[in-house]
Asks: 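The structure under discussion is supplied below as structure tokens; questions concerning it will follow.
In what follows, every chain begins at residue 1, and chains take the letters A, B, ... in the order their sequences are listed. These figures come from a predicted structure and were not determined experimentally.
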Protein chains: 2
Amino acid sequence: MATSKVYIEILWQIRRIIEEDGLQAGDRLPSERELSDRLQVGRSSVREALRALELLGLIETRRGEGTFIKEFGDHQLIHLLGTFILQGKREKDDLKETKILFEKMCLSLACMRMTDEKWQKMHQIVTEEQVDYESFFKWIVEATDNYLLLRIWLVLNDFFTCVEADVSFPSSFYEGMLLALGQRQSEKALELYEQFVVQNLSKTK
Amino acid sequence: MATSKVYIEILWQIRRIIEEDGLQAGDRLPSERELSDRLQVGRSSVREALRALELLGLIETRRGEGTFIKEFGDHQLIHLLGTFILQGKREKDDLKETKILFEKMCLSLACMRMTDEKWQKMHQIVTEEQVDYESFFKWIVEATDNYLLLRIWLVLNDFFTCVEADVSFPSSFYEGMLLALGQRQSEKALELYEQFVVQNLSKTK
DNA sequence: GAAGTTAGGTGGTCAGACCAGTTTGGTTGT
DNA sequence: ACAACCAAACTGGTCTGACCACCTAACTTC
């Protein structure tokens, strides 16, 4: 076996246990002491594996209760990775560009997949509440019906808030965008995006 | 302090040490025992933090030598995350769609930013060596001059290889794509992409 | 039956021990 | 003087046992 480190091996064993026992998000894993027993390794090695999984956001530990499988989420990870990676101007510019490209992509797709129900829901949100850009665009990405796109966007957005202050737009932006989405006019939506979002971001450089 | 766990605190301290001492990729971190001393915590807690960083691919440990800062890379992370996340058909379909959208996006951008030097290099690769899709498209993404795009694509691609067998295309695909890129004709490049890649992927569902 | 208490289980942390590698510098032999 | 060798002093890798803080459930008491 090439993998020499015990904690890596434990990770795969835990993965196996989850599969064999049919554990799902929210379920409890065996306790650290039991894993240490079952796998014939020290408890500290088990903990090293669990800590890594925790930082990845794959599990959650509650003192006195146990270790639980989590719905895949970000957790501490994003913020930490952000400070490790986003150090120079180059990285920040790359992030800005990537976010813009990615959002345009999602916007087009959301336009194509817009349905009346989704639109009603968004319409309700925009008119009733005081919307901000972040939650508004989250709705758009969700409208793509692609959970992975949403996950990536959430990460990009989280990173982005590490380096840039919050932005806000006039209600005309949200209304116009909503209209374009409702009429499935992706060109119009992209135009609005360019006009408001891209303009706004390039001036704050 | 809201952050109760010691190992999380250690993560931030390590981050601080890297910054204050001006450490860069390839440099050695203080030893586990020294960190344990300096931060006034147990060595096992230090190790829990280091193991997590290692799994994230941010550091590399070599027995007998020490702990070193790594160029941000994937490592064990992708494969492990893959088995945790990519379980159902839904997730796999999302991944496929995301990869296609993302590659189209990169293709357009690479077309816009193509230079003679880049093109010469790619031309050389395609004609001299036996290229595969993976390394060919990596060149394209690199041609965007956006390191973050490359990072995301590498992750998507790694995940993708977890669920799908390798693909190969006739040399006419690579040559045509190269031509389109050289002439900065993004429409033509996208058309080729649709014709070969998308077609190929949808039939293997 | 309800309230309070206790015992056992859980994660959180630490200290110490030992093993297994690498590096370094001194010793030895030529 | 030079080379080869070897031992000491690092490094990470792992295990054990101990203690704490916290939660839960079962038991006791009223």
Asks: Tell me whether the rings of B:Phe137 and B:Tyr133 are parallel (<30°), tilted (30 to 60°) or perpendicular (>60°).
Replies: tilted
Asks: Which whole-number value in Å describes the distance from A:Arg51 CZ to D:dG13 P?
Replies: 18 Å
Asks: Please give, in whole Å, the distance from D:dC23 P to A:Glu32 CD?
Replies: 16 Å
Asks: Looking at side-chain heavy atoms only, is the closest gap between B:Arg38 and B:Gln13 below 4.5 Å?
Replies: no
Asks: Atom CD of A:Glu60 and atom C1' of C:dT10: how far apart are they, to the nearest Å?
Replies: 14 Å
Asks: Under 3.5 Å, is there a donor-acceptor pair between the side chain of A:Arg113 and the main chain of A:Thr144?
Replies: yes
Asks: Using OP1 and OP2 only, check whether a side-chain N or O of B:Ser45 sits under 4.0 Å from C:dC14.
Replies: yes
Asks: Counting only side-chain nitrogens and oxygens, does B:Ser31 get under 4.0 Å of the OP1 or OP2 atom of D:dT11?
Replies: yes
Asks: Please report the distance, rounded to the nearest Å, between CG in A:Leu35 and P in C:dG11.
Replies: 8 Å
Asks: Any salt bridge linking B:Arg43 with B:Glu32? Criterion: basic side-chain nitrogen under 4.0 Å from a carboxylate oxygen.
Replies: yes
Asks: Could B:Arg51 and B:Glu54 be called an ion pair, given the rule that one side-chain N must be under 4.0 Å from one carboxylate O?
Replies: yes
Asks: Do B:Gln195 and B:Phe173 come close enough that some side-chain heavy atom pair is under 4.5 Å?
Replies: no
Asks: Are more than 12 heavy atoms from other residues, nucleotides or ligands located less than 6.0 Å from atom CD of B:Glu20?
Replies: yes
Asks: Reckon B:Ser44 has a side-chain N or O less than 4.0 Å from the OP1 or OP2 of C:dA15?
Replies: no
Asks: Nearest-Å distance, CD (B:Glu48) to P (D:dG13)?
Replies: 14 Å
Asks: Would you indicate, yes or no, if C:dG11 has its OP1 or OP2 atom less than 4.0 angstrom from a side-chain nitrogen or oxygen of A:Thr61?
Replies: no
Asks: Could you run through nucleotides 17-26 of chain C and give me one letter per nucleotide, 5' to 3': B if any protein heavy atom sits under 4.0 Å from the base, S if only the sugar-phosphate is that close, - if neither?
Replies: BB-BBSS---
Asks: Figure out the CG/P separation between A:Leu50 and C:dT10, and round it to whole Å.
Replies: 13 Å
Asks: With a 4.0 Å cut-off on heavy atoms, is B:Ser36 in touch with a base, just the backbone sugar-phosphate, or nothing at all?
Replies: nothing
Asks: Between D:dC15 atom P and A:Arg47 atom CZ, what is the distance in whole Å?
Replies: 15 Å
Asks: Grab the CZ-P distance between B:Arg28 and D:dC10 for me, whole Å please.
Replies: 11 Å
